[in-house]
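Along the sequence shown, residues are numbered consecutively beginning with 1.
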Amino acid sequence: MTDNAVFEHDQITEETGRNGMSGSNIIAMELMKKQHGATVSFHSIHYRVEQKGGPICRRTTVHKEILVDLKFLDVLAARKDPAGLSGEVLINGALQPPNFKLCHLKRFSLLTISIHYLQHLCVCVKDDIVMGTLTVRENFSFSAALRLSSQISPREKEARVNHLISELGLNKVADAKVGTQLIRGISSGERKRTSIGMELIIDPSVLFLDEPTSGLDASTAHSVLLLLKRSGRTVIMSIHQPRYSIYRLFDSLTLLANGKQVYHGPTQDALDYFSNIGYACEAHNNPADFFLDVINGSSAAVNMTKIQNNGDFEFEVAAVSQQCIEDQLVEKYKNCSYARGIKAELERITWAKDNNIRAKCHTVTYNSSFFHQLRWVLWRTFWNLMLNPQTSVAQLAVTTLMAAIVGAIFYGVKDDQSGIQNRFGVLFFITTNQCFSTLSAAELFITERKLFIHEYTSGYYRVSVYFLSKILSDIITQRTIPTILFTCVVYFMIGLKPTAAAFFIFMLTVILVACAAASMTMAISADQSVVAVANIFMTISFIFMMIFSGLLVNLKSTMDWLSWLKYLSIPRYGLEALEINEFVGLKFCGNVSTVMSSPAADILMCTGEQHLTFQGINYSSWGFWHNHMALTVLTLIFLIIAYIKLRFIHKFS
């Protein structure tokens, strides 16, 4: 199967698949003015997958072409998984840059996406992926700061943002928040225009839109598309059941039946073409609906003949299968003048590319430096946390409440035998609580997964920039600040060792435990798409770590083939460090003579060192600080794993 087409200047293209069946309905539109025009051509596009079947011992692999399931807009916009794709997509006949960030193709793929500059092409996905806690102006400024050239001054970028706000008709809501589930924001139409404006900020020649009218009423949808019509750019878009006022905006149509091209040509000639091959559109029928009916084999549109008999109309519907109808449509188009003209144009473009007549490949790089990206992404991340009550105020409130409850339960521990148990118990609870409280870090990459994939593939920032900004914001706002607050409340309410050194070491240890646990949570959840699944894996991991922490099981009595698990236990390192910090130097026998005369004196522990020895803890200087070193190493290892997962996360549809 081969799909060949050229999107020329002053054309609108409509692609339609099988509605409600194995195919898809797509209508693509191209709008442009000649001063911004770009020619988009795609050559011999194929999509193949491997299907495995049969019993496990006799698995067979079958290669199947499934262009019927292909979302054609994703191929043109380089958002389709390149595995199994072959063919070429050219813009102005230019070759693919060696470090093209927009599509990030795999090396083994046969698909070639060629583009002159990264700024030539932008993609606006179906879901309005915009940071809801920021205002419209702040979102535009963020896009301008990262995607416009560093040679453009901040004043010029601000002027471009203001001009775009005015052009999109967003002046009244420019300083209003876009809105989230918890924050009331702008209307759906204004949100859609904001999403489009995020891409228009770099003035692209080609703009891909995935169903830009979804969720909009008819009037708002028409106003959005009319705005695009007047923008003077090449716009290729998919749309669901456009009404006639929207259909009239199209300049040219591309119709697909089961992945095969059945028409590509001017919009005004489409109805005449189908009428000439035996498919007449009824009066007052929407042409877009009519084309879908023809492709789907609807009895109301397929091969319909009107016969007048005594004032009544009868319809003779040809008894042919839908597959036959598709084959007929494909065959008739191959033999028409439109197909011959497109074929000649494709051959001209291919010849020009092979002979280097068109512009040569330009290397595509990021428009801003690493630190410039880091500054802006950090600003947005911290600002988002401050404006999100769930992750700022609520976190501090819950931490304070938990600290007050723990402090009340273990209030004023004494220096006697009960004090040993209470200290040991509260230190174990604190380390375990710090581990389980980091489950909130699972949402760090999952909730913004779509936003990250869209912005990264659109060339906003590097993966390392996004990763560092999320890590720094989480460690500072969600781990360090709440831990400091928790420590200040708990430490003095319980009455632990009253020295400044012991207090700050206690705080440092708890922070390291929280960071290590949070990094492990990130490593587990970085490649997950559902928070509940990530929570299951993390809960199981923390339970096993808790078992090998040193309280529930005597670590020396565990079997050799299980004893290695203690080296992976975050609570174990935290508990040992806190115990050494607290128990070394404490006395638990106030009256020595009374203790020596007691019949149970042989089982009493009068010093903290005795308790540590009984627990098998090395309380030397190295035995103490090696716990902090282990927590630091575990944190770095888990963060590296999280980055690798994020770096190679699946970024295609």
Donor-acceptor contact present, side-chain [X] to main-chain [Y], <3.5 Å:
X: Lys497; Y: Asn581; answer: yes
X: His611; Y: Glu579; answer: no
X: Ser458; Y: Tyr460; answer: no
X: Thr499; Y: Ala502; answer: yes

Could you check whether any side-chain heavy atom of [X] comes within less than 4.5 Å of a side-chain heavy atom of [Y], counting everything from C-beta outward?
X: Phe548; Y: Trp564; value: no
X: Tyr411; Y: Ile494; value: no
X: Ile420; Y: Phe583; value: yes
X: Leu396; Y: Pro482; value: yes
X: Lys645; Y: Ile649; value: no
X: Thr400; Y: Phe486; value: no
X: Val178; Y: Arg191; value: yes
X: Leu512; Y: Thr632; value: yes

(message) Does atom NZ (Lys177) have a neighbourhood of more than 12 heavy atoms from anything else shown, all under 6.0 Å?
(response)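 At most 12 heavy atoms, drawn from other residues, nucleotides or ligands, come within 6.0 Å of this atom.
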
(request) For Phe537, look at atom CZ and say whether over 12 heavy atoms of other residues, nucleotides or ligands are found less than 6.0 Å away. (result) no

(request) Apply the test side chain to side chain contact (heavy atoms under 4.5 Å, CB included) to residues Met131 and Phe142: give CA-CA distance (whole Å), side-chain angles for both, the deciding distance (0.1 Å), then the verdict. (result) CA-CA 10 Å; Met131 185 64 73; Phe142 177 80; over 6 Å; no

Gap separating the [atom1] atom of [X] from the [atom2] atom of [Y], nearest 0.5 angstrom:
X: Ser368; Y: Leu146; atom1: OG; atom2: CG; result: 5.0 Å
X: Phe428; Y: Ser549; atom1: CZ; atom2: OG; result: 4.5 Å
X: Trp379; Y: Leu134; atom1: CH2; atom2: CG; result: 5.0 Å
X: Leu485; Y: Met507; atom1: CG; atom2: CE; result: 9.5 Å
X: Asp175; Y: Thr135; atom1: CG; atom2: OG1; result: 6.0 Å

(message) Among Tyr643, Tyr456, Tyr461, which residue satisfies the ring-ring contact (aromatic ring centres under 6.0 Å, His included) criterion with Phe467?
(response)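 Per the ring-ring contact (aromatic ring centres under 6.0 Å, His included) rule, the option paired with Phe467 is Tyr643, out of Tyr643, Tyr456, Tyr461.
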
(message) On a heavy-atom basis, which atom in Ser143 and which in Ile201 lie closest, and how many Å separate them?
(response)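 Residues Ser143 and Ile201, closest heavy atoms: OG-CG2, 3.0 Å.
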
(request) Considering only NZ, NE, NH1 and NH2 on the basic side and carboxylate oxygens on the acidic side, decide whether Arg147 and Glu455 come within less than 4.0 Å. (result) no

(message) Tell me whether Asp415 is salt-bridged to Arg423, with the criterion being a basic N under 4.0 Å from an acidic carboxylate O.
(response) yes

Will you find, in the side chains of [X] and [Y], an N or O donor that is under 3.5 Å from an N or O acceptor?
X: Tyr466; Y: Glu448; result: yes
X: Asn627; Y: Arg572; result: no
X: Tyr619; Y: Glu609; result: no
X: Thr133; Y: Asn384; result: yes
X: Glu190; Y: Ser187; result: yes

(request) Name all pairs fulfilling the side chain to side chain donor-acceptor pair (under 3.5 Å) condition that reach into residues 502-524, sequence neighbours left out, sorted by first residue then second. (result)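 The answer is Thr509-His628.
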
(request) Show the numbers, then the answer: is there a side chain to side chain contact (heavy atoms under 4.5 Å, CB included) between Leu565 and Ser569? (result) CA-CA 7 Å; Leu565 291 173; Ser569 176; over 6 Å; no

(message) Centroid separation under 6.0 Å, is that true for the rings of Phe503 and Phe492?
(response) yes

(request) Could you give me the CA-CA distance, side-chain angles and deciding distance for Phe506 and Tyr491, then say whether ring pair (Phe, Tyr, Trp, His ring centres under 6.0 Å) is met? (result) CA-CA 9 Å; Phe506 181 94; Tyr491 196 88; 5.1 Å; yes

